[in-house]
Amino acid sequence: MTAKAESMSDTMDYEDVVANFDPVLGLEVHVELSTATKMFCGCPNAFGGEPNTHVCPTCLGLPGALPVVNGTGVESAIRIGLGLNCEIAPWCRFARKNYFYPDMPKNFQTSQYDEPIAVNGYLDVELGDGETIRVGIERAHMEEDTGKSSHVGGATGRIHGADYSLLDYNRAGVPLIEIVTKPITGTGRRAPEVARAYVTALRDLLRAMGVSDVRMDQGSLRCDANVSLAPKGSAEFGTRSETKNVNSLRSVERAVRYEMTRQAALLARGEKVVQETRHFQETDGTTSPGRPKETSEDYRYFPEPDLVPIAPSAAWIEQLRATLPELPWERRKRIQAEWNLTDEELRDLVNTGAADLVAATVDAGAPVDDARSWWVQYLTEQANSREAELAELPITPAQVARVIELVAEGTLTTKLGREVVQGVLAGEGDPDEVISARGLEVVSDDSALTAAIDEALAAQPDVVDKIRGGKVQAAGAIVGAVMKATKGQADAKRVRELILERCGVVG
Amino acid sequence: MTEPITLTAAELASRIHAGEVSSVAVTKAHLERIGEVDKEINAFLHVDTEGALATAERVDADIAAGNPPASPLAGVPLGLKDVLTTSGQPTTCGSRTLEGWIPPYDATVTRKLAEAGVVVLGKTNMDEFAMGSSTENSAYGPTANPWDTTRVPGGSSGGSAAALAAFEAAMSIGTDTGGSIRQPGAMTGTVGVKPTYGGVSRYGLVAFSSSLDQAGPCARTVLDAALLHEIIAGHDPLDSTSLAAPVPPVAAAARSGAEGDLRGVRVGVVSELAGGEHGDGYQAGVLRSFSSAVDRLRELGAEVMEVSCPYFRYALAAYYLIAPSECSSNLARFDAMRYGLRVGDDGSASAERVMSRSREEGFGAEVKRRIIVGTYALSAGYYDAYYGSAQQVRTLVTRDFNAAYEQVDVLVSPTAPTTAFPIGERVDDPMAMYRADLCTIPANLAGIPAMSVPSGLSDDDGLPVGLQIMAPALAEDSMYRVAAAYERARDEAAGSALTEHLPQL
Amino acid sequence: MSTISRDEVAHLARLARIDVTEAELDTFAGQLDVILDSMAKVSEVAGDDVPPMTHAADVTNVFREDVPRPGLSQQQALSGAPAAEDGRFKVPRILGEEQ
Ligand SMILES: [Mg+2]
Ligand SMILES: [Zn+2]
């Protein structure tokens, strides 16, 4: 049965779901580390690039090639574990997860199995109304990413019905940290919101630590959502489904909500929930079942014989703990005090996802109020018009701070500043590059202005008389003409001064 | 059969470096020999005439220019087991699935040989992916034993060993996972050494069983093996299991050993590997050759005692669970997607179907058998009973060694229970084939160094027998010392070098 | 402990992506029985107090600097490929799901 058909008939009204069932969530997040090289070889860890140009014998799985662990990858894993309040294993190992798939060069994934590097932590997650929920962290472990397959022919790039596939292994071997929550219970109707808030908090944490660029749109942060329902009040967990391909924060919320309504409908009809992998469709917000495997999964894990165990010393761990940055929630407490914001003001900042960005912009040298207004107003509009998260806008706090600086020093008008931001969002580079490329310099050179002003004055002698007669405000008409002539690139304040000078009036 | 091919690697090197003979001439002589006899022996899967001569010319030019030789073996011809990657030549691992595959990179061993000016004649035959004890599992036909061409040369490094006995190369490289260097050495009357695990880089060694594989030198004399050992050994940052320790001074040990004095050396005879009550399938002539070798060591002044290693009797079973388990994972990459044989890609068959077809046709029976055994031993519900228990046995075997080395400096045993067996005799009886590794497997499980040195010809069938000498980890020098002393005493007693008894080919 | 059936061999062969023939199923089933029976004795030897040994030397913390190393060119990478297109490895249509 197709996802569409399902979404039509086979779901229960959400209110009825939460009236009759308790949802249980389990979230599995895979995050790509932003190390310089891959996890087990010296190939560059870079997004994109010409296919199969960031590869070597090791990450191509060529016969005879061997892995060597990226020390920085291990440090990032430990720092993430510490940021999630986990215990760091004094001794752990890599294991081979054996299964055949063409995007995996060795046909086993080098991962961690029963000996992960970080276990048993938690992440405090703030919801929209300010309530905080503590999400338990089961484990965080190191593994490697797969290559990318593109499917040619058949149903336009979809895996099903394709004629053949093309493989690019540039991503194969990129360091991944898999972060798994403990079962999240007792969230009731707020389950979808909690799921989204958790992923958001995790993303903010990882960004603050600088271990990943956490771009869900680029797949550097990926979320699998496990959802099950239990009849209200029963302690027993129901059968869960695992929804993959959830590529945005909004999708996390939608996917959980949809699974709740779908499973409730099944259970209400006395049917069973199948334990399966499902795929989320951005288009209609439904999930559809993956292809059932004909052989039961048996990954035949065993300790990776090509790698030696990892035994982080207490000293090393403490050294890494010392490198942890101010964590997002701590920073929020600080900025609330420093900017003396009310709880509501802070929450608005947080809910628009602007708080950390504003803080980062302030750290980059911008005044608080300018930083706030740029992010909360103009940039939020931009994000909304793109249906993107504020943080997903392709502009950095540092770039925003630079624009604010340029406006403050008069090199740009606010209007031009916005045009520069547009350029940055369009991928034209840093603000200064956009300015020179688009020729957006404010005309501050007086001689260039006076020419335009004299023209305007000559064109409107009557206005000139008014001004000379003391009707200073009449200068506005001339200012307008000059701004028009200079395509808005003149500084209106300065133009006004010059006009008054020319008319022998001292402003 | 005449010089220069009959000379040892050390002799060839000194004459080449002294300018008495050119490396090109020596190389040509070996290439000619290969042309004459390899149809019969099938020791080489690929001969790189141009590459070999090019290297030889560089060495000669160097010497003519008065530069010091790149290494003590610069200019000497060698056979390289086809399981080590070579960017200039095919690397097939004796498997159909890799027929004609030319790797885009060199193994560390290959690189070190090149840097040492060693002349690589070509790639030697082997059991497919090093799985076998007879070289009959090669997709390119079995290698014949120069002592009796109706018999196997042992395996899996049978090509490397036979090439030496047939004077097609002065030295060669083999790999040893359960005895694949030592057992062919024994069966061809040559010297074969398995270094300490981690002593020689595995980078570019196509993996069979990662925790056991180790490349090592093969030669006709102990000194030649030692000189080659020092060229290929050493720490390699590309292999995480490579030991960051200095290479033991094995050449010096071989030279001092050749002085023939073993006083103060304590030698332990492993009861569990000496036939007798445990003598399942030991050939009488092999046991007699072994005990006379032990007498010889006594005569050289060694203090000989019997030591017991009770858990060795479980080593074979543990090995034949661990090795297949690791191989089932290591060989998963041969799936017809990125390289290797692809069968059944008719445009409609799925990747999964094509993988299964290609692996069915690309792999031989023994490889499939081991992949399936390993898949079973690792699967849920059986892991603890099989793989888990086997890893525990590994601990027990290692403890046996540690206890033994508190009493003695080296341990000795026959290298193999029998001499070379007839081609075809054991192909349908895996267990009989596996028992050929009975004496060699414990050293691989514990990761300690071990070598085989010829102990003469068996008095019941006139075929070569090997004496195995085992040492503690990174104590290769004590092993080489004993081997060199014994080698000299053996030839003095026989009045001739063993190789002089080789039949004409 | 092990009497390994034909079906079991077939299942294992599927897991290992090997298309065994009917004839192979018979021979392998027989041989695997013999092999696994003689290997089974390992489970009798060691008590729980004996730690498993996965590495010959007990070395830990072998790491690489996070510094790029030259790899392969696209042409080298694809040099052994049975089929290639647009700088990518060309493979038969993939069924099943990414893991
Ligand atoms: Mg994972
Ligand atoms: Zn790589």
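Each chain gets a letter, A, B and so on, in the order its sequence line appears, and its residues count up from 1.
- Counting non-hydrogen atoms of other residues, nucleotides and ligands closer than 6.0 Å to CD of Glu85(C) gives a total above 12.
- Nearest heavy atoms, Tyr197(B) versus Asp213(B): CE1-O, 3.4 Å.
- Heavy-atom pairs under 4.5 Å with chain C were tallied for Gly100(B), Ala317(B), Gly447(B); the largest tally goes to Ala317(B).
- In this structure, the portion of Ala349(B) lying under 4.5 Å from any heavy atom of chain C is its backbone and not its side chain.
- By number of non-hydrogen pairs under 4.5 angstrom with chain C, the leading residue of Asp335(B), Val397(B), Val393(B) is Val393(B).
- If you take CD on Glu99(B) and SG on Cys93(B), they are separated by 13.0 Å, rounding to the nearest 0.5 Å.
- Among Ala351(B), Gly388(B), Ala390(B), the residue making the largest number of heavy-atom pairs under 4.5 Å with chain C is Ala351(B).
- Neither the backbone nor the side chain of Ala377(B) comes within less than 4.5 Å of any heavy atom in chain C.
- The existence of a salt bridge linking Arg342(B) and Asp345(B) is confirmed by a sub-4.0 Å separation between a basic side-chain nitrogen and an acidic carboxylate oxygen.
- Taking the six-membered ring for Trp and the full ring otherwise, the centers of Tyr387(B) and Tyr382(B) sit at least 6.0 Å from each other.
- A 6.0 Å sphere centred on CG of Asp346(B) holds more than 12 heavy atoms belonging to other residues, nucleotides or ligands.
- For a residue to count as touching a neighbouring chain, one of its non-hydrogen atoms must lie under 4.5 Å from one of that chain's; by this rule Asp428(B) touches chain C with the backbone only.
- When heavy atoms are compared at a cutoff of 4.5 Å, Ala473(B) does not approach chain C at all.
- Neither the backbone nor the side chain of Pro237(B) comes within less than 4.5 Å of any heavy atom in chain C.
- The backbone N or O of Val367(B) sits nowhere less than 3.5 Å from a side-chain atom of Asn137(B) that would complete a donor-acceptor pair.
- Comparing Ala13(C), Ser38(C), Pro51(C), Ala57(C) by how many heavy-atom pairs each has under 4.5 Å with chain B, the most go to Pro51(C).
- Of the atoms belonging to Leu316(B), it is backbone heavy atoms, and not side-chain ones, that fall under 4.5 Å from chain C.
- If you tally non-hydrogen atom pairs under 4.5 Å between each of Val59(C), Val62(C), Leu78(C), Asp19(C) and chain B, the highest count goes to Asp19(C).
- Contacts of Ile35(C) with chain B are made by both backbone and side-chain atoms, with heavy-atom separations under 4.5 Å.
- In this structure, Ser350(B) contributes its side chain and Arg353(B) its backbone to a donor-acceptor pair below 3.5 Å.
- Heavy-atom pairs under 4.5 Å with chain B peak, among Lys90(C), Lys41(C), His55(C), at Lys41(C).
- Heavy-atom distances place the side chain of Gln31(C), and not its backbone, under 4.5 Å from chain B.
- Using a distance-only test at 3.5 Å, with no hydrogens or angles considered, a donor-acceptor pair links the side chain of Glu476(B) to the main chain of Thr196(B).
- In terms of modelled atom types and a separation under 3.5 Å, the side chain of Ser95(B) and the main chain of Gly362(B) share a donor-acceptor contact.
- In this structure, the side chain of Asp400(B) engages the main chain of Tyr311(B) through a donor-acceptor pair within 3.5 Å.
- Considering only heavy-atom pairs separated by less than 4.5 Å from chain B, the leading option among Val45(C), Val20(C), Val9(C) is Val45(C).
- The part of Leu238(B) that comes within reach of chain C is its side chain, from C-beta onward, which places non-hydrogen atoms under 4.5 angstrom from that chain.
- For Arg17(C) (side chain) and Ser356(B) (main-chain N/O), no donor-acceptor pair under 3.5 Å exists by modelled atom type.
- Looking only at heavy-atom pairs under 4.5 Å with chain C, the residue among Tyr339(B), Tyr105(B), Tyr314(B), Phe363(B) that has the most is Tyr314(B).
- When the candidates Gly80(C), Ala77(C), Ala16(C), Ser73(C) are compared by the number of heavy-atom contacts under 4.5 Å with chain B, Gly80(C) comes out ahead.
- Scored by the side-chain contact (heavy atoms from CB on, under 4.5 Å) test, Thr86(B) finds Leu80(B), Gln89(B), Thr91(B), Asp106(B), Thr110(B), Lys123(B) as partners (sequence neighbours excluded).
- Only the side chain of Arg69(C) comes within contact range of chain B, judged by heavy atoms closer than 4.5 Å.
- Contact of Met431(B) with chain C is made through the side chain alone, with heavy-atom distances under 4.5 Å.
- Glu352(B) CD to Arg93(C) CZ: the interatomic distance, rounded to the nearest 0.5 Å, is 11.0 Å.
- Residue Phe28(C) places its CZ atom among more than 12 non-hydrogen atoms of other residues, nucleotides or ligands, all under 6.0 Å distant.
- Only the side chain of Glu24(C) comes within contact range of chain B, with at least one heavy atom under 4.5 Å from a heavy atom of that chain.
- In this structure, chain C has no heavy atom under 4.5 Å from any part of Leu331(B).
- With a 4.5 angstrom heavy-atom cutoff, Tyr434(B) touches chain C only via side-chain atoms.
- Heavy-atom distances place the backbone of Ser348(B), and not its side chain, under 4.5 Å from chain C.
- The greatest number of non-hydrogen atom pairs below 4.5 Å with chain B, out of Gly47(C), Ala84(C), Pro82(C), is found for Pro82(C).
- Contact tally against chain C (heavy-atom pairs below 4.5 Å) for Gly198(B), Ala446(B), Ala332(B), Ser389(B): the top residue is Ser389(B).
- Of the listed residues (Gly347(B), Ala318(B), Pro430(B)), the one with the most heavy-atom contacts under 4.5 Å to chain C is Pro430(B).
- For an aromatic pair to be called close, the ring centres must be under 6.0 Å apart, and Tyr376(B) with Tyr383(B) fails this.
- Only the backbone of Asp48(C) comes within contact range of chain B, judged by heavy atoms closer than 4.5 Å.
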Got a list of side-chain donor-acceptor pairs under 3.5 Å for residues 319-328 of chain B, not counting sequence neighbours?
from, atom 1, to, atom 2, distance (Å)
Tyr320(B), OH, Asp437(B), OD2, 2.7
Ser325(B), OG, Leu321(B), O, 2.6
Glu326(B), OE1, Ser209(B), OG, 2.7
Glu326(B), OE1, Ser210(B), N, 2.9
Glu326(B), OE1, Ser211(B), N, 2.9
Glu326(B), OE1, Ser211(B), OG, 3.2
Glu326(B), OE2, Ser211(B), OG, 2.7
Ser328(B), OG, Ser325(B), O, 2.6

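- Contacts between Thr27(C) and chain B at a heavy-atom distance below 4.5 Å are absent for every atom of the residue.
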